[in-house]
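Worksheet: one structure, shown below.
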Amino acid sequence: MDKHYNFQEIEKKWQQKWADEKIYQVQEQTDKPKYYVLEMFPYPSGNLHMGHVRNYSIGDVVARFKHMQGYNVLHPMGWDSFGLPAENAAIKHGVFPRDWTLSNIDNMRSQLQSLGLSYDWNREVATCLPEYYKWTQWLFLQLYKHGLAYKKHAAVNWCPSCATVLANEQVVDGHCERCDAVVEKKDLDQWFFKITDYAQRLLDDLTKLPGWPEKVKTMQHNWIGRSEGVEAIFKTEAGEDLPVFTTRVDTIFGVTYMVLAPEHPMVTKLTKGTEYEQSVREFIRKVQKLSNIDRTSGNLEKEGMFIGAYAINPVNGQKVPIWITNYVLMDYGTGAVMGVPSHDERDFDFAHKYNLPIIRVIAQDEQSADEPLTEAYTEIGVLVNSGQFNGLTNKPDAINAIAKWLEEKGLGKKVINYRLRDWLISRQRYWGAPIPMVYCEKCGMQPVPEEDLPIMLPTDVEFLPFGESPLKTSPSFGAATCPCCGGPATREMDTMDTFMCSSWYYMRYCDAHNDQAPWDKAKTDYWLSVDQYIGGVEHAILHLMYSRFFTKAMYDFGLISVEEPFTNLLTQGMVLKDGTKMSKSLGNVVSPEEIIDKYGADTARLFILFAAPPERDLEWNDSAVEGCYRFLNRIWKLVLNIYDRTDYTDSELTPEDCDLRRVVHMTLKKVTADISERFNFNTAISAMMELVNAMSAYKGNNGAMLKDAAEKLLIMLSPFAPHIADELWQLTNHSNTVYNTPWPAYNEAFLQQNEVEIAVQVNGKLKARLTIPTGLDKAAAEAHVRALPDFAKWLGDKQAVKVIIVPDKLVNIVVK
RNA sequence: GCGGACGUGGCGGAAUUGGCAGACGCACCAGACUUAGGAUCUGGCGAGCAAUCGUGAGGGUUCAAGUCCCUCCGUCCGCACCA
């Protein structure tokens, strides 16, 4: 027998065996509770990084543990495999996106397999394959049929250097994420999903997610940005409606000007043919130029100009000048804002700069109505200079009263605004799922019939660095037949945002090879929701919000039976080196392959789980990795020695035997709790280290006791380091794999000790430690302490006025 | 500016319900074994000669505070003219 811990051989052997015996494949089973563990699937960049290793190691511990606890565990893996990098590789190196992507997948799959993860590879999906994107397109059609997908003209982010459209999330502070060029706006016809229809439900249902981190829920809450207010209809002098949205309708008598977003359609209308036309046009051009970076940055100097027109205030008929500014956004509210300098800080600054009048309409009391303001008054107060509403408390009385009055007169209404915008899903790219729509000259826009799916990506395309979708270079793709009249039609040339593909993959895993439907409802009914989802916090809003929206829409269509996709969410921290994120440019990247080659997957997994709790950032440390390697080597030798020894004399249990047994069961208790209740794998591992220390230090001679300890150690170790656990399991005369061994329960009776060490304190300061029999009552414990030789010394000339006793923990003498 | 998280030895971290601060590991030191040690094993390891002092700083509550309350400082993250 080779007694050396040859991890390379062992890991290869067991990975092969697990795959051959298909031990990780699962079916629906009614006699067991199900448990769905999912880690966010990766983009197949070609190489695994430490962040992946961390993500998947965490998931694997949970999956293996739950399986051993008797759950029917679904633990799948796949590839988020559409996306821009494949297209860039095509432009740069002339490789076809599909070939590039599939070879990356092959490479990353074998890297993942070298980690020994318990995936059911039979359910593997790749979003870029027609078997998958057929159903992405089918789901698009369902959304379209239910009125949740629509097309409109919109301004999108355009990177002139990459010559392509960028998703919002690829724009960082107004710059292109990849090349750092300043992103421009470009007007294009775009497809949107009406996620705003679900704004309220997405917000409300956050309260139904106690298993999500508060941080993520707060971020989504802010992103949705619910705001209750009033839409008040101002009018132009010509009598046209000019509605504004305000949360402060109580200040409407203080309006001294109105501001429009430069893009507001009324601006050109109101200035056409006037002396202002030219200068307004220049102002708009200037604002739009810096709109991307500065307009949303917060430090922007407020600028504006009068456009020569006036608006009529609905509450008092007053005529106020209309301005345009760089700080009003077209896509929030109505793109028009009432200016109340007396009670809004921004308006106050603006009015100051341009000498606009300031009228106070809220004051601490009615007597101070005309006190001059040196800054905007934003506190609670009573209304003044507000006609019939004078004297009302502004919030909520005046707001309600004025809203009601406006509503009765048909001059406004209460509305709820959301910051959340509809989800722009079209991309002028090749490597995505084609949007299944055609355009007929006679019948207009038509959805592709479901039986014609998938609309396949053509291969006769050219990848040129010009920005137009490569799909447009395909001679075969564009021509289609109108499903309505049978006449000639052209295809939609845009593809879908890859976030669409990742919004439903967790449903597809339930029935990955179904070619009749995206999934069989009976199967999603069995598996969904995902019980534990694990991934990076960078998806806190985008992917996680889109998936929630998708789940709700699918629920409404009757396709699934759950309204939330992920019951519990764990957001793992980053893997750092030298205090910063690993990156090629900093040269501080540690490659998983390198570590696996040098120490093995078990060591890599163990280190990454031991170095920090999962939610926190983790600092990579080469010598701490060696420490984990040493730990596995110690176990290797310890366990084999236990089984090699022949000099055992199994007799009555000695106190030493009981001590060891106690440590075993304490460890079992702690490891079980740390995995299932807290996901604190670091403390679970340190508990196992303590057990190994105790086993090494054990001087007794009870073979049964030691073998039981070794057995339980291997079981507990197996979710963390499955290869070495299985190898030792086999070498110690066990059949099968630890994976199919039930997780043992600890025995409460074995945790009992005869004696405990308690703390002896005087006024809360530790004076001594004392060993006494367990379970002593308070009086007896106190007697032990009073009998201590130093007791009189601690008291000095003072009196013991009180004794606090925490049984089996401490005795605290309060002296005065 | 607003919101959130965090701050503990030389380092990563532990202390789960207010009850012995520093578990476990790394690094370091000493010893054993050894031709050798960057292997392995054993022991030590917050500061201080000590009494004592020690969880970012200051205050408070309590018999008792890393943990609860108040004020402040620092680091990180998210949002940032949202009317």
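A note on names: the letters A, B, ... follow the listed sequences, proteins ahead of strands, and every chain is numbered from 1.
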Between the protein and nucleotides 49-53 of chain B, which nitrogen or oxygen pairs are less than 3.5 angstrom apart?
unit_1 : atom_1 : unit_2   : atom_2 : d
B:U52  : OP1    : A:Lys767 : NZ     : 3.3

Open item on the list: Give me the distance, rounded to whole Å, that separates B:G60 from B:C79 when you measure between the C1' atoms they each carry.
Closed with: 34 Å
Task: Non-hydrogen atoms of A:Glu303 and A:Lys286 that approach each other most closely - done: OE1-NZ, 3.1 Å
Task: Minimum-distance nucleotide to A:Val814 side chain [options: B:C63, B:G3, B:A83] - done: B:C63
Open item on the list: Mind checking if A:Asn693 touches a base, just sugar-phosphate, or nothing, with heavy atoms under 4.0 Å?
Closed with: sugar-phosphate
Task: Contact letters for nucleotides 8-23 of chain B, in which S counts primed atoms plus P, OP1 and OP2 and B counts the base, heavy atoms under 4.0 Å - done: ----BSSSB--BB--B
Open item on the list: Can you tell whether the side chains of A:Arg248 and A:Asp344 come within less than 4.0 Å, N to carboxylate O?
Closed with: no
- [ ] State whether A:Arg346 places a side-chain N or O below 4.0 Å from either non-bridging phosphate oxygen (OP1 or OP2) of B:C82.
- [x] yes
- [ ] For B:G13 versus B:C81, give the span between their P atoms, rounded off to a whole number of Å.
- [x] 34 Å
Task: Whole-Å P distance, B:G58 and B:C76 - done: 24 Å
Task: Sugar-phosphate, base or nothing in reach of A:Gly333, heavy atoms under 4.0 Å - done: nothing
Open item on the list: Measuring only the P atom in each nucleotide, how far is B:U40 from B:C68? A whole number of Å is fine.
Closed with: 41 Å
Task: C1'-based separation of B:G7 from B:G12 [nearest Å] - done: 15 Å
TODO: Can you establish whether the number of heavy atoms outside A:Lys598 located under 6.0 Å from its atom NZ is more than 12?
DONE: no
TODO: State whether A:Arg630 places a side-chain N or O below 4.0 Å from either non-bridging phosphate oxygen (OP1 or OP2) of B:A27.
DONE: yes
TODO: Using the closest heavy atom to pick a nucleotide of RNA chain B for each, name whichever of A:Ala687 or A:Ile813 lands nearer the 5' end.
DONE: A:Ala687
Open item on the list: Can you measure A:Leu542 atom CG to B:C79 atom P for me and round it to whole angstrom units?
Closed with: 10 Å
- [ ] Check the pair A:Leu383, A:Asn394 against side chain to side chain contact (heavy atoms under 4.5 Å, CB included), reporting the backbone distance first and the verdict last.
- [x] CA-CA 6 Å; A:Leu383 264 63; A:Asn394 67 332; 3.5 Å; yes
Task: A:Arg419 vs B:C79: side-chain N/O to OP1/OP2 distance below 4.0 Å - done: no
Task: For atom CZ of A:Phe348 and atom P of B:G1, their distance in whole Å - done: 20 Å
Task: ring-ring contact (aromatic ring centres under 6.0 Å, His included), paired with A:Phe607, selected from A:Trp620, A:Tyr629, A:Phe681 - done: A:Trp620
- [ ] Using the criterion of both pairing distances under 3.5 Å for Watson-Crick and G-U wobble pairs, give all stems of 3 or more consecutive pairs involving RNA chain B.
- [x] B:1-7 with B:73-79, B:10-12 with B:24-26, B:28-32 with B:40-44, B:56-60 with B:68-72
Open item on the list: How many whole angstroms separate atom CD of A:Glu214 from atom P of B:C79?
Closed with: 18 Å
Open item on the list: Please verify the inter-ring angle class for A:Phe791 with A:Trp794; under 30° counts as parallel, over 60° as perpendicular, anything in between as tilted.
Closed with: perpendicular
Task: Whole-angstrom distance between B:G19 and B:A27, as gauged at atom P - done: 33 Å
Open item on the list: For A:Glu782, is there an ion pair with A:Lys778 - N to carboxylate O distance below 4.0 angstrom?
Closed with: no
Task: Residue from A:His543, A:Glu538, A:Gln572 passing side-chain contact (heavy atoms from CB on, under 4.5 Å) with A:Met40 - done: A:His543
Open item on the list: Mind checking if A:Arg421 touches a base, just sugar-phosphate, or nothing, with heavy atoms under 4.0 Å?
Closed with: base
Open item on the list: Is the terminal nitrogen or CZ of A:Arg346 (NZ for Lys, CZ for Arg) located under 6.0 angstrom from the six-membered ring centre of A:Tyr327 and within 45° of that ring's axis?
Closed with: no
Open item on the list: In whole Å, I'd like the distance from the NZ atom of A:Lys353 to the P atom of B:C81.
Closed with: 17 Å
Task: A:Leu632 CG to B:C26 P, straight-line distance once rounded to whole Å - done: 12 Å
- [ ] Return the 5'-most residue of the pair A:Lys215, A:Lys802 with respect to RNA chain B, ranking by each residue's nearest nucleotide.
- [x] A:Lys802
Task: Protein-nucleotide distance (A:Ile635, atom CD1; B:U40, atom P), rounded to Å - done: 14 Å
Open item on the list: Please find the pair of heavy atoms, one from A:Ile595 and one from A:Ala604, that lie closest to each other, and give the distance.
Closed with: CG2-CB, 3.8 Å
Open item on the list: Ring centres under 6.0 Å, that's the criterion: do A:Phe610 and A:Phe631 meet it?
Closed with: no
Open item on the list: Tell me the interatomic distance from A:Leu609, atom CG, to B:C26, atom P, rounded to whole angstroms.
Closed with: 17 Å
Open item on the list: Using a 3.5 Å distance criterion without hydrogens, assess whether the side chain of A:Asn588 forms a donor-acceptor pair with backbone atoms of A:Ser583.
Closed with: yes
- [ ] Could you give the distance separating B:C45 and B:C26 at their C1' atoms, to the nearest angstrom?
- [x] 13 Å
Open item on the list: Apply the syn/anti split at 90° from 0 to B:G9 and say which one it is.
Closed with: syn
Open item on the list: Measure CD/A:Glu615 against P/B:G4 and give the value in whole Å, please.
Closed with: 18 Å
Task: Distance between P atoms of B:G59 and B:G25 (Å, rounded) - done: 38 Å
TODO: Mind telling me whether A:Tyr332 and A:Phe245 have parallel, tilted or perpendicular rings, with 30° and 60° as the class edges?
DONE: perpendicular
Open item on the list: Looking only at side-chain N and O atoms, does A:Asn621 offer a donor or acceptor that is under 3.5 Å from a partner on A:Ser623?
Closed with: yes
